[in-house]
Amino acid sequence: KQEVTQIPAALSVPEGENLVLNCSFTDSAIYNLQWFRQDPGKGLTSLLLIQSSQREQTSGRLNASLDKSSGRSTLYIAASQPGDSATYLCAVHGSSNTGKLIFGQGTTLQVKP
Amino acid sequence: DVKVTQSSRYLVKRTGEKVFLECVQDMDHENMFWYRQDPGLGLRLIYFSYDVKMKEKGDIPEGYSVSREKKERFSLILESASTNQTSMYLCASSSTVSGNTIYFGEGSWLTVV
């Protein structure tokens, strides 16, 4: 059974710092991996999707990498800002194409001004 | 712009009531999902549907049913609400055509008293 783990559960950094959020999964046979952002009391916003054949994806200050063989993904946030404060979740699709996701518990990020 | 709309943001229902949570997407996605999100437990899949009138159980289907009569609409039904169903409910949709990027609604906060 696929399990997704995110460490740390919470992170606090000063504004301007570059940071890395970690995601690991137990079964390397994934279809793709997706990173989300969730603000308190809100739904999830998709940030980046990495297909299983890709190694990384970039969007603005965000860069997500994928290493299937080791079961790891990282989300790199450059030059963090207070507006980046949120919970970040990663989720993996299994090998089917139905879109069913397995989520990690998330990392809650606080960026201090 | 992508849109998944959950009709009710906040609901308070009594134990034993029948509860309907409605979700509509405007992207012609074939896949739709219902998750619940609880502190410490993360997001858990209740049901998903990969086509009209098709449904599959997720990880925690007990006490829930779903209906998908039209492609754009996916309803979650609590036949007899119980206090342990107090939670945040999130609807989502995706399409294999667009690489299975999953889009979420804003969430419905349900309190059962």
Side-chain angles (χ1 to χ4, degrees), chain A residues 1-10 21 23-26 29-54 56-57 59 62 64 66 86-108, chain B residues 1-6 8-10 21 23 25 27 29-51 54-61 74 87-111:
Chain A
K1 182 184 174 185
Q2 179 73 270
E3 292 183 2
V4 180
T5 304
Q6 291 184 248
I7 295 173
L21 306 180
C23 173
S24 61
F25 45 95
T26 54
I30 64 169
Y31 189 68
N32 60 39
L33 183 145
Q34 198 164 352
W35 282 93
F36 297 88
R37 169 188 172 133
Q38 186 176 30
D39 293 294
K42 297 292 184 79
L44 279 68
T45 300
S46 177
L47 296 173
L48 290 163
L49 180 144
I50 311 176
Q51 301 291 350
S52 62
S53 59
Q54 297 174 320
E56 64 178 338
Q57 282 285 336
S59 176
L62 304 179
L66 175 64
T87 297
Y88 292 82
L89 298 107
C90 72
V92 299
H93 280 115
S95 57
S96 72
N97 65 354
T98 61
K100 182 180 172 183
L101 290 172
I102 307 297
F103 281 86
Q105 294 274 347
T107 295
T108 299
Chain B
D1 202 16
V2 165
K3 199 143 179 81
V4 178
T5 303
Q6 294 183 230
S8 303
R9 284 281 284 148
Y10 302 96
L21 299 179
C23 176
Q25 50 95 3
M27 299 161 284
H29 284 172
E30 67 272 22
N31 303 319
M32 295 189 75
F33 309 85
W34 276 105
Y35 287 86
R36 65 177 281 179
Q37 186 176 28
D38 301 286
L41 297 175
L43 277 91
R44 293 178 293 167
L45 181 64
I46 304 171
Y47 267 97
F48 68 101
S49 168
Y50 51 89
D51 201 352
M54 306 300 287
K55 61 184 180 184
E56 285 200 24
K57 293 180 180 179
D59 300 317
I60 51 163
F74 193 35
S87 186
M88 163 88 140
Y89 290 87
L90 289 160
C91 175
S93 71
S94 72
S95 172
T96 52
V97 173
S98 57
N100 273 325
T101 300
I102 190 166
Y103 299 93
F104 279 84
E106 283 289 287
S108 297
W109 287 94
L110 172 66
T111 302

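Residue numbers begin at 1 in each chain, while the letters A, B, ... track the order of the sequences. None of these values were measured; they are calculated from a predicted model.
Judged as a side-chain contact (heavy atoms from CB on, under 4.5 Å), and not counting sequence neighbours, the contacts of B:Leu41 are B:Asp38, B:Arg44.
Of all the listed residues (B:Met88, B:Glu106, B:Gln6), the one sharing the greatest number of non-hydrogen pairs under 4.5 Å with chain A is B:Glu106. Between chain B and the residues A:Gly104, A:Ala91, A:Gly41, the largest count of heavy-atom pairs under 4.5 Å involves A:Gly41.
With values rounded to the nearest 0.5 angstrom, B:Gln37 atom CD is found 8.0 Å from A:Thr87 atom OG1. The OG atom of B:Ser94 lies 5.5 Å from the NE2 atom of A:His93; values are rounded to the nearest 0.5 Å. With values rounded to the nearest 0.5 angstrom, B:Ile102 atom CD1 is found 5.5 Å from A:Phe103 atom CZ. To the nearest 0.5 Å, atoms CZ (B:Phe33) and CG (A:Leu101) are separated by 6.5 Å. We find the CD-OG1 distance between A:Gln51 and B:Thr101 to be 7.5 Å, quoted to the nearest 0.5 Å.
Contacts between A:Leu48 and chain B at a heavy-atom distance below 4.5 Å are absent for every atom of the residue. Using a 4.5 Å cut-off between heavy atoms, A:Leu49 contacts chain B through its side chain alone, with no backbone atom that close.
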